[in-house]
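Every chain is numbered from 1 and lettered A, B, ... according to where its sequence line falls, protein lines coming before strand lines. This one's a predicted model, so the numbers in the text were calculated from it and none came from an experiment.
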There are 2 protein chains.
Amino acid sequence: MKQYEVTNSAIRRLPVYYRHLKVMESKGIEYTSTKELSQLTGVHDTQIRKDIALTGLQGTPRKGHVVTELIEAIEDFLNWKDTNSAFLVGVGNIGSALLNYNKYEGAGLKVIAGFDNDPSKIGKEINEIRIFPLSRFSDLVKRMHIHIGIITVPGDYAQSVANLMVESGILAIWNFTPVKLKIPEDIIVENVDLYRGLGVISRRLAEKLTKKK
Amino acid sequence: MKQYEVTNSAIRRLPVYYRHLKVMESKGIEYTSTKELSQLTGVHDTQIRKDIALTGLQGTPRKGHVVTELIEAIEDFLNWKDTNSAFLVGVGNIGSALLNYNKYEGAGLKVIAGFDNDPSKIGKEINEIRIFPLSRFSDLVKRMHIHIGIITVPGDYAQSVANLMVESGILAIWNFTPVKLKIPEDIIVENVDLYRGLGVISRRLAEKLTKKK
DNA sequence: TAGATTGTTAATCGATTAACAATC
DNA sequence: TAGATTGTTAATCGATTAACAATC
């Protein structure tokens with residue numbers, strides 16, 4: 001397991017603060033405190049102070065943090081000012097939804113092409129993003145120097161798509177399947193398991209409904 | 001914060017084992033061990049043993065666990081044999097994707113109606129699921145004794161939809177917006193933050209690309 | 001029997017929270 | 001100055017991993 005100076009959990013919390021800060025900015029609010037952010041996000045204020053410290057930003061005792069400075073610091077830290085182009089493989093339900101949305105530019109990512117094997121999809125466009133046959137993936141990744149691949153195929157195909165991505169030179173994979181990918185450990189992988197919560201909902205609901213009061 | 005006997009993290013791991021067990025079952029494999037499951041899932045074998053213990057199932061030293069028994073035990077534990085009907089609010093990109101998929105029945109959940117305020121969507125069907133105006137939500141929840149609500153509206157509307165759900169008698173919310181909902185603590189909430197990984201991808205990729213080797 | 005695997009207790013690790021001095 | 005808030009160190013908590021006896 002690779003050791004980073006900054007943990008993933010810290011990195012994941014920063015966007016949470018960021019969203020609230022953007023709302024404050026749009027309302028013209030100048031200052032905020034970690035106490036206020038804590039109330040909004042549910043994260044402990046000490047935790048927030050540590051996370052902010054990671055960005056290198058310092059606050060002012062008694063006043064707190066300047067909202068715009070904090071936004072800037074988080075954007076810098078997450079490298080959200082640069083936009084990385086990404087390729088998406090698997091234009092099904094979720095894949096199409098992601099292409100239609102495609103508003104991650106503020107978060108450093110922009111999908112610029114989709115790939116699928118279904119002839120009825122190839123050549124079409126979704127939200128102005130062209131769908132190519134999977135056979136062209138490798139070539140286009142190399143020619144366009146793409147670093148990020150998004151996997152939205154059915155689980156059975158996830159590993160083979162991941163292999164293709166790694167061979168093609170992809171450095172980071174955003175995996176929307178529940179499959180644990182076997183890939184070199186220096187490749188960045190972020191898993192999104194959409195249905196993770198279903199066990200919890202089902203179990204907790206059963207507990208609640210059988211509890212006689 | 002409510003205290004449960006079983007932690008959510010344990011509940012979230014069980015479906016991970018479950019998926020692999022189903023594959024084994026389909027291949028006709030009779031026995032498995034926690035060591036094998038550990039290799040497949042990346043979860044420590046001691047952890048898996050503890051999780052299985054929660055279901056009440058006992059294994060056989062030297063042989064391991066009977067695959068079908070383990071599947072059965074997890075289904076029982078998660079109450080995955082009963083199917084709960086659910087209503088989905090917000091028939092946009094993600095909402096439509098979830099309706100089109102709607103294969104959670106094995107996981108105790110089935111979406112039976114969608115709700116939206118967009119007149120162009122109301123009255124239509126997606127994957128044979130009818131879309132109703134939001135104004136009918138409360139009435140239908142009560143008449144059909146629905147317990148689960150799914151929120152797939154834009155973040156700005158999430159809290160008001162959650163309020164409506166709670167007032168209508170919904171007991172569990174599957175929230176696909178990044179908004180931290182303010183609701184009574186006895187309501188079950190599972191959050192799916194689709195874009196949680198974007199900070200990690202952006203930051204780690206920047207670290208990787210700036211590292212001179 | 002020997003040995004693989006379970007089930008459980010103890011040890012470790014990491015993340016979260018509490019405490020408090022520093023500061024404007 | 002008094003007091004709110006930061007920044008940091010210490011304490012706590014929970015989750016993960018190690019160790020090992022029990023068992024078939």
Nearest-0.5 Å distance that lies between atom [atom1] in [X] and atom [atom2] in [Y]:
X: Asn8(B); Y: Arg13(B); atom1: CG; atom2: CZ; value: 11.0 Å
X: Leu194(A); Y: Leu98(B); atom1: CG; atom2: CG; value: 7.0 Å
X: Lys208(A); Y: Leu205(A); atom1: NZ; atom2: CG; value: 7.5 Å
X: Arg203(B); Y: Ile74(A); atom1: CZ; atom2: CD1; value: 12.5 Å

Notebook entry, point to check: For DNA chain C, which residues in residues 15-23 of chain A have a heavy atom at a distance below 4.0 Å?
Noted result: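 None, since no heavy atom is under 4.0 Å.
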
Over how many whole Å does the gap from [X] atom [atom1] to [N] atom [atom2] extend?
X: Ile48(B); N: dA15(D); atom1: CD1; atom2: P; result: 17 Å
X: Glu36(A); N: dT5(D); atom1: CD; atom2: P; result: 10 Å
X: Lys35(A); N: dA18(C); atom1: NZ; atom2: C1'; result: 16 Å
X: Asp45(B); N: dG7(C); atom1: CG; atom2: C1'; result: 12 Å
X: Asp51(A); N: dT8(D); atom1: CG; atom2: P; result: 13 Å
X: Leu37(B); N: dT5(C); atom1: CG; atom2: P; result: 12 Å
X: His65(A); N: dT5(D); atom1: NE2; atom2: P; result: 12 Å
X: Tyr31(A); N: dT5(D); atom1: OH; atom2: C1'; result: 12 Å

Note to self: Once side chain to side chain donor-acceptor pair (under 3.5 Å) is applied, what residue pairs with a partner in residues 82-103 of chain A remain, sequence neighbours excluded?
What the structure shows: none

Notebook entry, point to check: Does the pair Tyr31(A) and Val66(A) meet the rule for a side chain to side chain contact (heavy atoms under 4.5 Å, CB included), with working shown?
Noted result: CA-CA 5 Å; Tyr31(A) 276 89; Val66(A) 178; 3.7 Å; yes

Note to self: Between the opening five pairs and the closing five pairs of the helix from dG3(C)-dC24(D) to dC24(C)-dG3(D), how far apart are the helix axes, to 10°?
What the structure shows: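 The angle separating the two end axes equals 0°.
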
Notebook entry, point to check: Is the Tyr195(A) ring parallel, tilted or perpendicular to the Trp174(B) ring (thresholds 30°, 60°)?
Noted result: tilted

Check: Is it the case that more than 12 heavy atoms not belonging to Lys35(B) sit under 6.0 Å from its NZ atom?
Finding: no

Nearest to the side chain of [X], which nucleotide is it out of [options]?
X: Thr34(A); options: dT6(D), dG7(C), dT16(C); answer: dT6(D)
X: Gln47(A); options: dG7(C), dT17(C), dT6(D); answer: dT17(C)
X: Lys50(A); options: dT17(C), dT6(D), dT9(C); answer: dT17(C)
X: His44(B); options: dA18(D), dA15(D), dT5(D); answer: dA18(D)

Item checked: First of Ser33(B) and Gly42(A) reached from the 5' end of DNA chain C, by closest nucleotide -> Ser33(B)

For residues 146-155 of chain B, which side-chain N or O atoms pair as donor and acceptor with protein atoms under 3.5 Å away, sequence neighbours left out?
from	atom 1	to	atom 2	distance (Å)
Thr152(B)	OG1	Val89(B)	O	3.1
Thr152(B)	OG1	Gly90(B)	O	2.6

Checklist line | salt bridge (Lys or Arg N to Asp or Glu O under 4.0 Å) contacts touching residues 190-202 of chain B (sequence neighbours left out) | finding: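 Residue pairs with at least one partner in residues 190-202 of chain B: Arg19(A)-Asp193(B), Arg12(B)-Glu190(B).
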
Note to self: What I want to find out is whether Glu167(B) reaches Lys142(B) closely enough, with some N-O distance under 4.0 Å, to be called a salt bridge.
What the structure shows: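 Salt bridge flag = no for Lys142(B) with Glu167(B).
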
Margin query: Does the protein touch nucleotides 19-24 of chain C at the base, only the backbone, or not at all? Give it as B, S and - per nucleotide, heavy atoms under 4.0 Å.
Written below: B---BB

Note to self: Is there a side chain to side chain contact (heavy atoms under 4.5 Å, CB included) between Leu40(B) and Met24(B)? Walk through the geometry before answering.
What the structure shows: CA-CA 11 Å; Leu40(B) 288 167; Met24(B) 290 178 191; 3.4 Å; yes

